[in-house]
Amino acid sequence: MASKITAPRGTQDLIPPHSARWQELEAKIHALARRFGYAEVRTPLFEATELFVRGVGETTDIVEKEMYTFTDKGGRSMTLRPEWTAPVVRAALEHQMLARGPQRLYYVGPIFRYERPQKGRYRQSHQFGVECTGYRGAEADAEVISLGWELIRAYGIEGVSLRINSIGDASCRPRYRQALLEHFRPNIAQLSEEAQRRIERNPLRLLDSKEERDLRFVASAPHFEDFLCEECREHFASLRANLDLLEIPYSIDWRIVRGLDYYTRTVFEVSSNVLGAQSTLCGGGRYDDLIASLGGPNMPAVGFALGIERFLMVVEASRGSAAAPRAGIQAIALGAQARATLLPIVGELRRATEIPAFMDYEERKLLAHLKIADRNGARFALIVGSEELASGQAVLRDLEGRTDRRLPLLSPKDVADALVEATGGSL
RNA sequence: GUGGCUGUAGCUCAGCUGGUUAGAGCGCCGGUCUGUGGAACCGGAGGUCGCGGGUUCGUAUCCCGUCAGCCACCCCA
């Protein structure tokens with residue numbers, strides 16, 4: 001080990017073969033978003049700290065203890081993006097996008113949160129998410145959910161479930177909050193320490209407590225359902241109807257509350273049973289007041305964020321690690337003259353097909369070269385040595401079928417064409 | 001921020017209660033083998049035993065600290 005410097009805590013290097021899985025997923029994400037009519041947004045890695053304080057909420061854990069904040073040389077407080085929604089809204093406002101009507105936007109990229117790492121949780125992680133602005137109706141909620149659901153379906157992931165809830169709006173949440181306070185306060189002494197702390201600040205959060213001693217009080221707590229105002233009740237019913245129309249299976253979980261302040265009405269989570277304690281794969285909801293609170297028009301919006309690392313963990317768990325199919329061709333040259341002959345042929349191949357063409361430049365025995373071809377996962381080997389040079393016939397070996405055939409060594413272009421032809425263009 | 005477990009070769013790990021030059025398997029490189037691979041056999045390279053301090057005649061082994069990884073709490077993607 002030449003260097004003792006390692007990747008910072010809670011971060012990870014993305015190296016082969018894992019990087020290929022990421023490329024595949026990102027390609028699928030871009031294609032999927034396009035089919036739903038969503039366009040990509042990329043924002044700076046860091047923003048004015050104030051954006052997150054106002055957008056995410058001063059009393060959230062993210063703002064209180066998880067932000068990577070620094071002062072730049074101009075004395076400004078900056079923060080590494082801990083979530084995407086506030087920056088996307090900021091960008092949309094800054095470029096007057098919302099004045100052009102409803103917007104469908106998506107993003108893929110890193111977020112940073114200063115937390116103690118554990119399974120499925122890192123200091124730098126990556127999210128794919130969407131934001132749909134300008135629609136008050138629950139069709140938009142269902143659209144956003146179905147977009148995320150499609151990605152999960154496309155990967156054939158099992159053991160995931162969608163849970164939805166409504167946390168009301170500014171007109172009905174205070175009433176529910178009050179009811180919760182009245183329910184928990186008389187028993188405050190019997191609640192966990194954590195619960196006692198939450199009760200005044202955010203009583204909704206008591207509902208997702210995992211403490212044994214809290215559970216019996218949580219179980220008997222009033223349901224938000226009974227306190228929703230008429231509009232929120234209708235919105236929730238409409239969401240359910242739309243999910244049914246789209247044939248997306250879900251369950252209602254009145255304990256989902258979410259930790260970010262900006263949510264209104266719809267909240268939802270997709271969780272998996274293979275992720276350990278951090279089981280949320282994808283979470284989101286409606287935020288009808290956020291845009292206005294960031295200085296924009298009074299405009300509704302809904303969105304979600306999906307954890308890329310967690311998603312790939314679930315993919316790996318449900319499909320195992322299947323051996324990658326063989327692809328490409330290994331050019332094997334025995335001797336300097338053979339190398340000179342094969343080099344331009346490899347060049348032509350790389351122009352003619354999108355399949356990898358491998359070549360090793362060391363002087364090795366045929367056996368060693370074949371082992372390298374094997375390691376590269378090549379489907380074919382094109383072998384040229386002194387015999388082939390003399391006869392003008394290269395050997396093309398199918399490494400899967402273990403069969404040989406001969407190809408005349410003509411011009412590089414002709415050989416490349418013949419290879420494409422001989423291998424059906426798929427190599 | 002709190003707690004538990006773990007740091008020995010590129011990887012997975014062994015090394016008992018401290019005792020001479022720190023081991024295995026896999027991988028890598030070479031040979032058997034200029035001519036047909038995933039094999040076998042033989043050989044080789046590769047280690048400040050995470051880092052620092054302490055105890056001791058002597059520590060990979062015991063103690064303290066520290067850093068990192070894993071898992072859980074909190075919270076979230």
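First the proteins, then the strands, lettered A, B, ... as listed; each starts at 1. Since this is a predicted model, take the numbers as computed values, not measurements.
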For [X], which residues count as a salt bridge (charged side-chain N to carboxylate O under 4.0 Å, His left out) partner, sequence neighbours excluded?
X	result
A:R34	none
A:E50	none
A:E139	none

field: Under 4.0 Å protein heavy-atom contact, by nucleotide of nucleotides 30-35 of chain B - B base, S sugar-phosphate only
entry: SSSBBB
message: Treating primed atoms plus P, OP1 and OP2 as sugar-phosphate and everything else as base, which nucleotides of nucleotides 66-74 of chain B get B, S or - for protein heavy atoms under 4.0 Å?
response: ---S-BBBB
query: Does A:K28 count as lying over the ring of A:F128, i.e. NZ or CZ under 6.0 Å from the six-ring centre, within 45 degrees of the axis?
result: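 No, a cation-pi geometry is absent between A:K28 and A:F128.
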For nucleotides [N] and [M], find the distance between their [atom1] atoms and express it as a whole number of Å.
N	M	atom1	result
B:rC70	B:rG58	C1'	34 Å
B:rG35	B:rC42	C1'	23 Å
B:rG50	B:rA14	P	13 Å
B:rA45	B:rC29	P	16 Å
B:rC62	B:rC49	P	15 Å
B:rU20	B:rA60	P	10 Å
B:rU6	B:rC13	P	13 Å
B:rU8	B:rG44	P	25 Å

Find the distance [X]:[atom1] to [N]:[atom2] and express it as a whole number of Å.
X	N	atom1	atom2	answer
A:R379	B:rG37	CZ	P	17 Å
A:Q330	B:rG38	CD	P	15 Å
A:D374	B:rG37	CG	P	11 Å
A:D404	B:rG37	CG	C1'	11 Å

task: Sorted by first residue and then second, give each ring-ring contact (aromatic ring centres under 6.0 Å, His included) pair with at least one member in residues 49-68 of chain A; sequence neighbours left out.
output: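 Found A:Y68-A:Y114.
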message: By the ring-ring contact (aromatic ring centres under 6.0 Å, His included) test, which pairs, at least two apart or in different chains, include something from residues 189-212 of chain A?
response: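 Output for this query is empty, none listed.
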Counting only pairs under 3.5 Å, give me each side-chain donor-acceptor contact of residues 81-91 of chain A, with atom names and distances, residues two or more places apart or in other chains.
unit_1, atom_1, unit_2, atom_2, d
A:R81, NE, A:P110, O, 2.9
A:R81, NH1, A:T43, O, 3.2
A:R81, NH1, A:T43, OG1, 3.2
A:R81, NH1, A:P44, O, 3.3
A:R81, NH2, A:P110, O, 2.8
A:E83, OE1, A:Y262, OH, 2.6
A:E83, OE2, A:T85, N, 3.4
A:E83, OE2, A:A86, N, 2.8
A:W84, NE1, A:G109, O, 3.4
A:T85, OG1, A:E131, OE2, 2.8
A:T85, OG1, A:Y262, OH, 3.4
A:R90, NE, A:E94, OE1, 3.1
A:R90, NH1, A:E47, OE1, 2.7
A:R90, NH1, A:E47, OE2, 2.5
A:R90, NH2, A:E94, OE1, 3.3

message: Any donor-acceptor pair, under 3.5 Å, between the side chain of A:R402 and the base of B:rG38, if you only look at N and O atoms?
response: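 Counting by modelled atom types and ignoring angles, a donor-acceptor contact under 3.5 Å is found here.
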query: Per the atom types in the model, does the base of B:rG37 pair as donor or acceptor with the side chain of A:R397 at under 3.5 Å?
result: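 Present.
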- prompt: Listed by chain and number, what are the side-chain hydrogen bond (donor to acceptor under 3.5 Å, both in side chains) partners of A:H95, not counting sequence neighbours?
  reply: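 In terms of side-chain hydrogen bond (donor to acceptor under 3.5 Å, both in side chains), with neighbours along the sequence ignored, A:H95 is linked to no residue.
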task: Please name all residues satisfying side-chain hydrogen bond (donor to acceptor under 3.5 Å, both in side chains) with A:W149, sequence neighbours left out, ordered by chain then number.
output: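 A:W149: no side-chain hydrogen bond (donor to acceptor under 3.5 Å, both in side chains) contacts found.
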message: Minimum heavy-atom separation for A:A221 and A:W254, please, with both atom names.
response: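 Shortest heavy-atom contact: O-CH2, 4.4 Å.
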query: Where do A:A301 and A:I291 come nearest, in terms of heavy atoms and distance?
result: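 Looks like CB-CD1, 4.0 Å.
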- prompt: When you measure from the side chain of A:R163 to the backbone N and O of A:E269, does any donor-acceptor pair fall under 3.5 Å?
  reply: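 Absent.
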task: Check every strand shown and say whether A:D398 touches a base, only sugar-phosphate, or nothing at a heavy-atom separation below 4.0 Å.
output: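 Contact class for A:D398: base.
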message: Any base atoms under 4.0 Å from A:A373, or only sugar-phosphate, or nothing? Heavy atoms, all strands.
response: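 Nothing: the residue A:A373, judged by heavy atoms under 4.0 Å, touches no strand.
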message: Just to be sure I understand: a Watson-Crick pair is purine N1 to pyrimidine N3 plus N6-O4 or O6-N4, both under 3.5 Å. Using that and G-U wobbles, which stems of three or more pairs involve RNA chain B?
response: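 Runs of three or more consecutive pairs: B:1-7 with B:67-73, B:10-13 with B:23-26, B:28-32 with B:40-44, B:50-54 with B:62-66.
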task: Rounded to the nearest 0.5 Å, what's the gap from CZ on A:R286 to CG on A:D169? Could you check?
output: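 One gets 11.0 Å once the value is rounded to the nearest 0.5 Å.
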- prompt: Less than 6.0 Å separating the ring centroids of A:Y250 and A:F268?
  reply: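 Centroid separation for A:Y250 and A:F268: 6.0 Å or greater.
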task: Would you please say whether a donor-acceptor pair under 3.5 Å links the side chains of A:Y176 and A:H223?
output: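 Side chains of A:Y176 and A:H223: no pair found under 3.5 Å.
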Can you give me the N/O atom pairs linking the protein to nucleotides 11-13 of chain B at distances under 3.5 Å, or say none if there are none?
none

